[in-house]
A.B. asks: 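Handing you a structure now.
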Amino acid sequence: MANIKNSTINEMDFKLDNFENQKIYTGALAIAHKIKNLFFLRPGDMPSLPKAGINIQSYRFKFIDTLLSGKLREDISDQISTYITDVPAENVAITVIQKDGDYILIIGIVLYQSNTEIVYGLQQRKGELVNFNFKIYDNEKVKIW
């Protein structure tokens with residue numbers, strides 16, 4: 001199995017660390033941030049990579065059936081395998097739940113040959129994205145699937 005924690009995968013952030021240096025994420029956290037960037041990037045945003053980006057905002061007004069049909073799952077898998085070649089996604093699972101009138105899109109991504117799963121949650125209220133977060137599970141069975 002791939003050792004994600006000790007990998008050389010890095011992702012730079014605009015934030016600064018405690019020593020006023022640019023924050024650098026490594027391992028599964030770096031991969032999680034790279035995937036997060038693909039979620040919000042729109043094709044055409046980067047002229048050097050004109051097809052990069054999932055544009056998750058475009059799925060805001062889709063019906064639940066459309067979200068679960070496989071197009072979004074395909075887009076995520078294709079984008080990861082094309083633009084994050086360090087550790088490709090082995091499995092992408094998508095579900096939608098409704099809580100207190102809000103819809104929450106949950107995307108789970110298992111990293112290839114590892115026991116690492118990254119779970120993203122996108123909450124929308126009346127078509128507007130109001131919350132986004134992710135959690136990394138190492139060597140754990142995620143209970144939402």
Side-chain angles (χ1 to χ4, degrees), residues 1-17 22-46 48-145:
M1 301 227 173
N3 190 344
I4 304 291
K5 286 185 180 180
N6 298 326
S7 71
T8 58
I9 300 166
N10 293 320
E11 176 70 3
M12 298 170 92
D13 195 19
F14 289 111
K15 296 177 185 174
L16 298 176
D17 64 14
Q22 188 172 16
K23 192 166 192 100
I24 299 175
Y25 301 112
T26 59
L29 191 56
I31 295 167
H33 279 278
K34 285 182 178 196
I35 295 171
K36 176 194 73 167
N37 291 341
L38 281 177
F39 279 149
F40 291 102
L41 194 64
R42 294 173 301 182
D45 281 350
M46 295 177 63
S48 60
L49 300 170
K51 294 181 181 180
I54 296 166
N55 189 15
I56 198 77
Q57 294 94 327
S58 69
Y59 289 91
R60 286 189 305 193
F61 300 105
K62 304 286 184 195
F63 292 107
I64 293 174
D65 293 342
T66 304
L67 292 170
L68 300 176
S69 69
K71 172 79 170 95
L72 178 57
R73 185 181 307 111
E74 249 178 58
D75 287 349
I76 292 169
S77 294
D78 290 346
Q79 289 283 315
I80 291 172
S81 64
T82 303
Y83 299 106
I84 307 175
T85 56
D86 307 303
V87 180
E90 183 175 343
N91 186 24
V92 176
I94 298 174
T95 191
V96 178
I97 60 173
Q98 188 174 9
K99 182 178 180 185
D100 299 330
D102 295 349
Y103 287 96
I104 302 171
L105 174 65
I106 300 172
I107 303 168
I109 300 171
V110 177
L111 302 181
Y112 182 69
Q113 291 187 340
S114 77
N115 288 328
T116 302
E117 182 171 9
I118 306 169
V119 178
Y120 296 87
L122 295 95
Q123 179 184 6
Q124 70 176 20
R125 182 175 298 136
K126 296 181 184 172
E128 293 297 319
L129 183 65
V130 294
N131 197 2
F132 172 85
N133 209 345
F134 65 87
K135 184 167 181 176
I136 299 169
Y137 296 89
D138 285 319
N139 300 314
E140 296 177 43
K141 180 73 174 155
V142 180
K143 294 170 180 53
I144 61 172
W145 308 121

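Predicted model, so just to flag it, every value in this text is computed and none were measured.
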A.B. asks: Does some side-chain heavy atom of Phe134 sit less than 4.5 Å from a side-chain heavy atom of Ile107?
C.D. replies: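 Ile107 vs Phe134: side chains apart.
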
A.B. asks: Any idea which heavy atoms bring Ile94 and Arg73 closest together, and the distance?
C.D. replies: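 For Ile94 versus Arg73, the nearest heavy atoms are CD1-N, 3.5 Å.
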
A.B. asks: Using side-chain heavy atoms (C-beta onward) and a distance below 4.5 Å, is Ile31 in contact with Thr116?
C.D. replies: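 The answer is no; the side chains never approach within 4.5 Å.
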
A.B. asks: Once you round to the nearest 0.5 Å, how far does CZ of Phe40 lie from CG of Asn55?
C.D. replies: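 That separation rounds to 10.0 Å.
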
A.B. asks: Calculate, to the nearest 0.5 Å, the distance between atoms CD and CD belonging to Gln124 and Gln57 respectively.
C.D. replies: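 Rounded to the nearest 0.5 Å, the CD-CD separation comes out at 11.0 Å.
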
A.B. asks: Can you give me the closest heavy-atom contact between Ile80 and Ala89, atom names plus distance?
C.D. replies: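 Smallest heavy-atom distance, with atoms named: CG2-N, 3.7 Å.
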
A.B. asks: Which pair of heavy atoms, one from Gly53 and one from Pro43, lies closest together, and at what distance?
C.D. replies: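 Distance-wise, the nearest heavy atoms are O-CG, 3.5 Å.
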
A.B. asks: Checking side-chain contact (heavy atoms from CB on, under 4.5 Å) for the pair Leu72/Leu105: CA distance, chi angles, key distance, verdict?
C.D. replies: CA-CA 11 Å; Leu72 178 57; Leu105 174 65; 4.0 Å; yes

A.B. asks: Which atom names give the shortest non-hydrogen contact between Ile104 and Lys99, and what distance separates them?
C.D. replies: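 Distance-wise, the nearest heavy atoms are CD1-CB, 4.2 Å.
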
A.B. asks: How long is the gap from CD1 on Ile35 to CD1 on Ile118, to the nearest 0.5 Å?
C.D. replies: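 CD1 of Ile118 is found 4.5 Å from CD1 of Ile35.
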
A.B. asks: Rounded to the nearest 0.5 Å, what's the gap from CG on Leu38 to CG on Asp75? Could you check?
C.D. replies: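 Going from CG on Leu38 over to CG on Asp75, the span is 11.0 Å.
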
A.B. asks: CD1 of Ile97 to CD of Gln123: how many Å apart, nearest 0.5 Å?
C.D. replies: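 Between atom CD1 of Ile97 and atom CD of Gln123 there are 9.0 Å.
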
A.B. asks: Measure the NZ-OH distance between Lys34 and Tyr83 for me, rounded to the nearest 0.5 Å.
C.D. replies: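 These two atoms lie 14.0 Å from each other.
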
A.B. asks: Check for a donor-acceptor pair, side chain of Gln79 on one end and backbone N or O of Lys51 on the other, with a separation under 3.5 Å.
C.D. replies: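 Indeed, once roles are kept as given, a pair shorter than 3.5 Å links the two residues.
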
A.B. asks: Check the angle between the aromatic planes of His33 and Tyr25 and answer parallel, tilted or perpendicular using the 30° and 60° thresholds.
C.D. replies: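 His33 vs Tyr25 ring planes: parallel.
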
A.B. asks: Who are the side-chain contact (heavy atoms from CB on, under 4.5 Å) partners of Asp45, not counting sequence neighbours?
C.D. replies: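 Only Leu41, Arg42 meet the side-chain contact (heavy atoms from CB on, under 4.5 Å) criterion with Asp45.
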
